[in-house]
Every structure is written in structure tokens, then in C-alpha cells.
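This report refers to the structure that appears directly beneath it.
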Amino acid sequence: MRDDGAMTGRLGIEKRSTLPEHEAVYGPLPDVGKRHGRNPGVLVDEAEKAGLRGRGGGWFPTHLKLRAVVNSSADRGRLARTRHPVVIANGMEGEPASSKDAVLLAHSPHLVLDGITVAARTIGATDAFLAVHRDSPLVPGLEAALDEREAAGIDPLRIRLVTPPARYVSSEESALSHWVGDGVATPVFPDRPFQSGAAGRPTLVQNVETLAHLALISRYGGAWYAGTGASNAPGTTLVTVGGAVQQRGVVEVPTGTTVAEILRLCGGPAEGVRGYLTGGYGGGWVAADGFAEVAWDPESVRAGGGVIGASLLWALGDSVCPIDEMSRITAWMAGESAGQCGPCMFGLPSIAEDVRALALRQSYGGDMRRLTNRLALVTNRGGCKHPDGTSRFVSTGLQAFAAEVDAHLTGACSVASQRSTDPAFQLPVPAARLALLDTSGRDFT
Ligand SMILES: Cc1cc2nc3c(=O)[nH]c(=O)nc-3n(C[C@H](O)[C@H](O)[C@H](O)COP(=O)(O)O)c2cc1C
Ligand code: SF4
């Protein structure tokens, strides 16, 4: 990072940093001032000035979440057993096509850990956790980083590494809180974690990238932070770029950078691009036409027909059948539900069947009307947003690839004869995935 405003990346993802290297670049962890009763530490005001919005998918204003946890805790009174807040850093990266959080945690673990510490102090948390999924290759590096900090004695509160099951919904914030509190990684509703999270305590769940940005704000202030990026969501953002580009990977750019520029940083398209998947499997498809000029910030991406979500930009090349890819992913998403609400148990499998029939070119117009009805029926009806994300994934795909849908309805496919056997999107192997209930290695009540 440089002081002259030139962007070399604020988040330090270029190479792995040890604690001394991290402190040489960013300086020591600042004292942000702690919470007193209803008054959080000053970092909340700085986060508001910064305009920081969460990078876990929803881009929700971070200062509002910090304040909500403090108020929820203060409302319980001094004697309530469950009054002390909990912080959970969400490094689960449940979106299979995303790798931005893994890259951040592998290269700049101390910035994330700084963020956990300053967030905990600001809201008066007495327990702090960093969650990455079970069997994650990040675990040894994160344990080493935590050991470095313990030896240096820099964290007033011990940060515990936890490894919930690697399932799509186990990283939804209420599921993560449920797992930390009770060892069950299913979403809980209607209360949100700030109201009743881990073991019934007010719980702050923030994406690891959000916490890394918060650590920067704690050092350099909100005004500095807001000095770059789009006015609706200032700062920089990590973007996972995949699919038909010369060099797939993770880049850090100021929010508001155009899609064309992000693709250029990845060497440009590797073939003709038919469309883009934005945000993740719970995000949305857009047709390629005109999308390169769109700025990468939440509102501009939405206006361009997409969803910034977990900041995934995936170029779907001309050599791939979009309906085939949608079919595989929809079936996988249907299998990832927690099986506790109607839209997930009955709606998603039926939607997956309809998309499969379309991919196999066995559908006709009536089937499409049924699919459209089913997509509308699951929206806003689940305990969490999993059905909404899956429905949006399919409905935006049907719009973005309308010409290919029409071709399939007549029994044709524009790429069937030339397609390679490799699927474009990788999906975790179902057999390797774990159950949602697992209490091993937990010691938190
Ligand atoms: C099905 C589902 C899966 C999710 N998976 C993740 C995830 O892997 N990582 C993440 O940070 N947020 C994930 N989220 C969003 C979280 O629920 C939560 O909003 C986020 O961690 C909050 O952090 P932020 O405010 O810093 O964005 C998921 C949401 C849903 C509905
Ligand atoms: S909507 Fe689906 S994933 Fe979400 S809580 Fe209900 S069953 Fe679980």
C-alpha cells in the first residue's frame, strides 16, 4: 500500500505476510476505544463516514450492523446471562466459484484478524471466532498466524478458529451462529443473529473481507477510506474473475471500476463471451451485450441487470452451453438446502428437473410456463434467501440466454456439436461434503 493514493492494492493480497511484515506495512494495531453501555467505540462513526458495506453478498452498511448488536446487547440489561456480544468472521466462502476470501486469508490473514479484534472491542464482544469450512487448506496458515499473535500478545481477546461443515447454507449468517452456539449448521428464523445469535447472544457476523476493510478504517479513518471508489459503496473490492478469461484469479479494484477494466487486468477474454454470471450461484446472469461498460459497484451492477453479491465475475464463453451449465448448478443448489422449508424441499428440486429437461432439449412451451410459475412461487418464502438466490439464478439465465432457450425448445443447441466435455463451472463433489450437524471440537456455550 502507498500513501500517495496510487493503488497497489489496499488489502495485501499480492503475497503472504507474516506478523512483522504486516506491521511494517500497516503499522501496529490501533487502540480504537471500547464500548460503554449503549455507546460503541468510535470506529462505528468512522465506518459510517467510510460508507463501508459488507462484502459477503448483501452489501449491507456495516455501521448499522455494529450499532444493532450494541443496542441488542444493551437492551438485555446488566444481569442478563446472554448479554455479551459474539463476533463471527465469515471466511466460509460457500460460493463454489468464488475464491476471494481464500486468497485474502491466505495472503493477508493479519488484516482480517486485526478487523476481528477492532470489531470485538468496538461492540464489547467477549468471544470471537473465525470460521472457515471443514477441511479447508487455509487452516494451517491461519493457525500459524494466530500463534504469531498470541506470542506477540496483541489481541486482548483470543480469536478461535472454527471449521463448520462445508455446505452452501452453513455459511448463511444465522446458520453459522447456530453452529457456533449449538453445533447445528442450519439457518434459524425469524430472529436475526444481532437479536439472537450464537447461544442466544447478540452476534455480529461479518465477511472476512469486510473486516479487513474495517481494520484499514481503524488505522487511517473513514475519510481516507472513502477517498477511493464509487460514492454508493466506497473503497476497494476483491473480485473473483473466472471462466473464459486469459488469466483467472482474484483482483482488487476500486469499486466503480468498469467490467472491461477488470477483464483487462485478467488478460481479457479468452474467446467470444456470451454472458456473465455475476455475484455467484445465488447471483444473476447478464447477457454480454453492453455489460463491459458497467461499473462494478452494487447499484450499477443491478442497473446493468446483474447482482454484485460475493463479487464474482464469470465470463461464459461461446463454446459452452449456458443451459447445460445452469442445469448442473441448479441441481447442485437444490441439493444444498437445509431441508426445513417448503420452497427448498419441494420447489427447488422441481425447478432443477424443469431446467434439466430444457438442457436435454425435452421441453416445450408449456413446461416453460410451469417453470416460470415455480420460480415465482419459491421467492420470499424460505427461512433464508437460498431459494431466492436459486430462483434468481435460473430466471436471469432464461432471460440472458433467451435465444439459446428458444433453440433448446426446438430441439437444437448452438454448441452441442462442438462442446468440449469439460464443464465450465466446478461443483464440490456431493459425497465429499459433510452433514449439517457436527459438534466435534467445539467448546463454546
Ligand atoms: C445461502 C447463503 C450462503 C451464504 N454464504 C456466505 C459465505 O460463504 N460467506 C459470507 O461472507 N457470507 C455468506 N452469506 C451471507 C451471510 O448470511 C451474511 O450476510 C454475511 O456473512 C454478512 O457479512 P457482511 O455484512 O460483511 O457482508 C450467505 C448467505 C446465504 C443466504
Ligand atoms: S429456505 Fe432452504 S436453506 Fe433456507 S432455511 Fe429454509 S430449508 Fe434451509
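Both ligands and their constituent atoms are indexed starting at 1 by order of listing. In this chain, residues are counted from 1 in sequence order.
Atoms of ligand 1 found under 4.0 Å from any heavy atom of G54 (numbered from 1 in listed order, with element): 24 (P), 25 (O), 26 (O), 27 (O). Every atom of ligand 1 is numbered from 1 in the order shown, and the set under 4.0 Å from a heavy atom of V205 is 21 (O), 22 (C), 23 (O). Annotation for ligand 1: atoms under 4.0 Å from non-hydrogen atoms of E93 are 8 (O). Every atom of ligand 2 with a heavy atom of F189 under 4.0 Å away is listed here by number and element: 5 (S). Set against the non-hydrogen atoms of T210, the atoms of ligand 1 under 4.0 Å away are 24 (P), 26 (O). Below 4.0 Å from some heavy atom of R55 lie the following atoms of ligand 1, by number and element: 26 (O), 27 (O).
Scanning A89, S171, G91 for the heavy atom closest to atom 13 (C) of ligand 1 points to S171.
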Let me see the working for K65 and E173 under salt bridge (charged side-chain N to carboxylate O under 4.0 Å, His left out), right down to the final yes or no.
CA-CA 12 Å; K65 228 161 148 177; E173 60 182 359; 3.6 Å; yes
Give the intermediate values and the outcome of side chain to side chain donor-acceptor pair (under 3.5 Å) for residues E172 and S174.
CA-CA 6 Å; E172 187 276 336; S174 69; 2.6 Å; yes
I would like to know whether L216 and Y26 meet side chain to side chain contact (heavy atoms under 4.5 Å, CB included); could you show each step before the answer?
CA-CA 8 Å; L216 294 174; Y26 297 101; 3.6 Å; yes
Could you walk me through whether K100 and E252 pass the salt bridge (charged side-chain N to carboxylate O under 4.0 Å, His left out) test, one step at a time?
CA-CA 9 Å; K100 71 169 184 85; E252 180 183 356; over 6 Å; no
Show the numbers, then the answer: is there a salt bridge (charged side-chain N to carboxylate O under 4.0 Å, His left out) between D297 and R302?
CA-CA 8 Å; D297 63 68; R302 189 180 313 132; over 6 Å; no
For a side chain to side chain donor-acceptor pair (under 3.5 Å) check, start with the C-alpha distance between S311 and W296, then their side-chain angles and the critical distance, and finish with the verdict.
CA-CA 9 Å; S311 199; W296 196 250; 3.0 Å; yes
Would you sort out whether Y276 and W285 count as a ring pair (Phe, Tyr, Trp, His ring centres under 6.0 Å), showing the intermediate values?
CA-CA 6 Å; Y276 298 93; W285 293 99; 9.6 Å; no
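At a 3.5 angstrom cut-off on N or O pairs, Y168 does not count as close to ligand 1. An N or O contact shorter than 3.5 Å links N90 to ligand 1 by distance. Geometrically, ligand 1 and G94 share a nitrogen or oxygen pair separated by less than 3.5 Å. For C384, no nitrogen or oxygen atom sits less than 3.5 Å from a nitrogen or oxygen atom of ligand 1, counting backbone and side chain alike.
Proximity of F60 to ligand 1 is not established, as no heavy-atom distance is less than 4.0 Å. Using a non-hydrogen distance threshold of 4.0 Å, E336 does not register as a contact of ligand 1.
Side chains of M92 and S170 form a contact here, defined as non-hydrogen atoms less than 4.5 Å apart.
Counting only protein N, O or S atoms, the number found under 2.8 Å from atom 2 (Fe) of ligand 2 is 1.
Closest to atom 2 (C) of ligand 1, if we only count protein heavy atoms, is E172 CB, 3.8 Å. Regarding atom 19 (O) of ligand 1, its nearest protein heavy-atom neighbour is E173 OE1, 3.9 Å. The single protein non-hydrogen atom nearest to atom 15 (C) of ligand 1 is G56 O, 3.9 Å, given as residue, atom name and distance.
The aromatic rings of H386 and Y168 are tilted relative to each other, their planes meeting at an angle between 30° and 60°. Between H22 and H110, the ring-plane angle classifies as tilted under the 30° and 60° cut-offs.
Using a 4.0 Å cut-off between heavy atoms, N207 contacts ligand 1 through both its backbone and its side chain. Residue contacts with ligand 1 for K65 involve side-chain atoms from C-beta outward but no N, CA, C or O (heavy atoms, distance under 4.0 Å). If you look at W59 next to ligand 1, there are no close heavy atoms at all, none under 4.0 Å.
Using modelled atom types, one finds no donor on one side chain facing an acceptor on the other under 3.5 Å when comparing S72 with Q195.
At least one donor-acceptor pair closer than 3.5 Å links the side chain of T255 to the backbone N or O of A233.
Of all non-hydrogen atoms in P165 and W179, the two that sit nearest each other are CD-NE1, 3.5 Å.
With rounding to the nearest 0.5 Å, the separation of CG in N207 from CG in L238 is 9.0 Å.
Figure legend: R10 and Y225 shown as a cation-pi pair, the cationic atom lying under 6.0 angstrom from the six-membered ring centre and within 45 degrees of its axis.
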